[in-house]
*Asks:* 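Structure incoming, see below.
Each ligand, and each atom within it, is numbered from 1 in the order the structure gives. Treat the numbers as computed from the prediction; the structure is a model and nothing was measured.
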Amino acid sequence: MRDILPPDSARWRRFVGVFAGVVEAAGYGQIMPPLLEDLGVFTRIGEATDVVTKEMYDFVDKGGRHIALRPEVTASTCRAFVQHRPPTPWKTWYTGSNFRYEKPQRGRYRQFDQVGVEVLGADDPYLDVEVIALGWEFYRALGLSRVTLLLNSLGEPDDRARYVEALRTYFTAHLGELTEESRVTLAKNPLRVLDSKRPADAPVLAGAPRIAQYYGDAAAEHFATVQAGLASLGIPFTIDSGLVRGLDYYRRTTFEFQGATLDSAQNALGGGGRYDGLVEALGGPPTPGVGFALGLDRTLLACDDEGVFPAPDPSVTVFVVDTTGGAEALRITADLRAAGITADRAFDNRSMKSQMKAADRSGADLAVIVGANEADAGTVVVRPLRAAVVEGQSGQTTIARSDLLTYLRNTNT
Ligand code: AMP
């Protein structure tokens, strides 16, 4: 778990702001579920996923309840839906931290942030397209251009069940060629064996049956409409029949956004899909759902790699230097801030030299300087800190204290 310090923290906030802008323009409202849920909210979503069985931070609270820090937000959203029964389609977005006891490495942390959307109560394949397109648009809004979209369909539950049986038969016949880890996974969920990134499993995986052979008419039609919709929006995608995603609850459409530069185990920037059974599993009425989660940490690493979406410049516009004790700086910064001009100052009544150093370090455009003479005369000195000083001029001006705001406005500050 890491501390996110300035200026990175400002970049995070802006990242969420850009995401909110994209999804709120499409009618999504923010859901803010708690970080803690009853353990059962998560165990019901997937008995065979590492996220649930191995990686959860769970504990018994003082009231004897077995609870967990959320490892993701989809289950919480479905739990909230069951509890509040909002009108459908319920179009939500979220941001916040999740917790998974994983092996930390670049792009993989035990506390990590996601942004995401979930829509509950609509079955329409054009909704899948809308959701994917929002993710795509968001990456564009960040300036990322090397993200690729992988797409798959896991079929309807019946299709998926037949496929899982076919996989079980196939992998069982090739048991000796699978790694020990994959044999353990096979016993729990044959589909997840396809998730293996271990090179030793690759030859067996390459020969495995493909889900497309098992689609019934409904799943095939849904998938075809999703593909046509994406094509009509000009969003390029690659069909990846091995894309099953880590969580068990996906049905029909699944997708993943991949970055170009992180290690292959961490190159999934985000992903999602349909999870038509999840609300029901949490005790609600049969309700289709679709959504995605995008990792904030990893997406920012991808931004670094592509040289886009830098941390915002944290500098203030004006730095006030006051060698009369500090009360002048107090009033001037208050006036400037009230007028919408960002301003900082030095503290502890330091020397002129030390305060000017602080002014330079602050990155401000201008220093507003008050010494004893200025205080007596009711004036201030305005000195440019960054702009090139015009030849023959000192670059600084003395003006009446009462003209300061007007002066700064006229100089476009
Ligand atoms: P998931 O909820 O597993 O489908 O993950 C969705 C996205 O969240 C991934 O593509 C990552 O970008 C991000 N993510 C998942 N787990 C981690 C983690 N441990 N550290 C950082 N990002 C993560």
*Asks:* With heavy atoms only and a cut-off of under 4.0 Å, state how Arg108 meets ligand 1: side chain, backbone, both or neither.
*Replies:* both
*Asks:* Within 45° of the axis and under 6.0 Å from the centre of the six-membered ring of Trp12, does NZ or CZ of Arg14 qualify?
*Replies:* no
*Asks:* With a distance cut-off below 6.0 Å to the six-membered ring centre and an angular limit of 45° from the axis, does Arg11 pair with Phe309 as a cation-pi contact?
*Replies:* no
*Asks:* Does the side chain to side chain contact (heavy atoms under 4.5 Å, CB included) test come out yes or no for Val117 and Phe19, once each step is laid out?
*Replies:* CA-CA 10 Å; Val117 301; Phe19 186 76; 3.9 Å; yes
*Asks:* When you compare the side chains of Thr148 and Gln258, does any donor N or O come within less than 3.5 Å of an acceptor on the partner?
*Replies:* no
*Asks:* Using a 4.0 Å heavy-atom threshold (strictly under), name the region of Glu256 that reaches ligand 1: side chain, backbone, both or neither.
*Replies:* neither
*Asks:* Go through the side-chain N and O atoms of Ser145 and Glu306 and say whether any donor and acceptor fall under 3.5 Å apart.
*Replies:* yes
*Asks:* Is it the side chain, the backbone, both or neither of Leu269 that has a heavy atom closer than 4.0 Å to ligand 1?
*Replies:* backbone
*Asks:* Would you mind listing which atoms of ligand 1 come within a distance below 4.0 Å of any non-hydrogen atom of Ala293?
*Replies:* 6 (C), 7 (C)
*Asks:* With only distance considered, is Gly295 within less than 3.5 Å of ligand 1 through an N or O on each side?
*Replies:* yes
*Asks:* For Tyr109, is at least one N or O under 3.5 Å away from an N or O on ligand 1?
*Replies:* yes
*Asks:* So is Tyr250 polar-close to ligand 1, meaning N/O to N/O under 3.5 Å?
*Replies:* no
*Asks:* Do other residues, nucleotides or ligands put more than 12 heavy atoms under 6.0 Å from Glu165 CD?
*Replies:* yes
*Asks:* Is the closest N or O pair between Leu294 and ligand 1 shorter than 3.5 Å?
*Replies:* no
*Asks:* Show which atoms of ligand 1 fall inside a sub-4.0 Å distance from at least one heavy-atom site of Glu102.
*Replies:* 16 (N), 17 (C), 18 (C), 19 (N)
*Asks:* Using only heavy-atom distances, determine whether the side chains of Arg198 and Thr179 contain a donor-acceptor pair under 3.5 Å.
*Replies:* yes
*Asks:* Just by distance, no angles: are the side chains of Ser241 and Arg210 close enough, under 3.5 Å, to form a donor-acceptor pair?
*Replies:* yes
*Asks:* Pull out every atom of ligand 1 sitting under 4.0 Å from any heavy atom of Gln114, numbered as shown with elements.
*Replies:* 2 (O), 5 (O), 6 (C), 7 (C), 8 (O)
*Asks:* Distance under 4.0 Å to a non-hydrogen atom of Ala268: what atoms of ligand 1 satisfy this?
*Replies:* 9 (C), 10 (O), 11 (C), 12 (O)
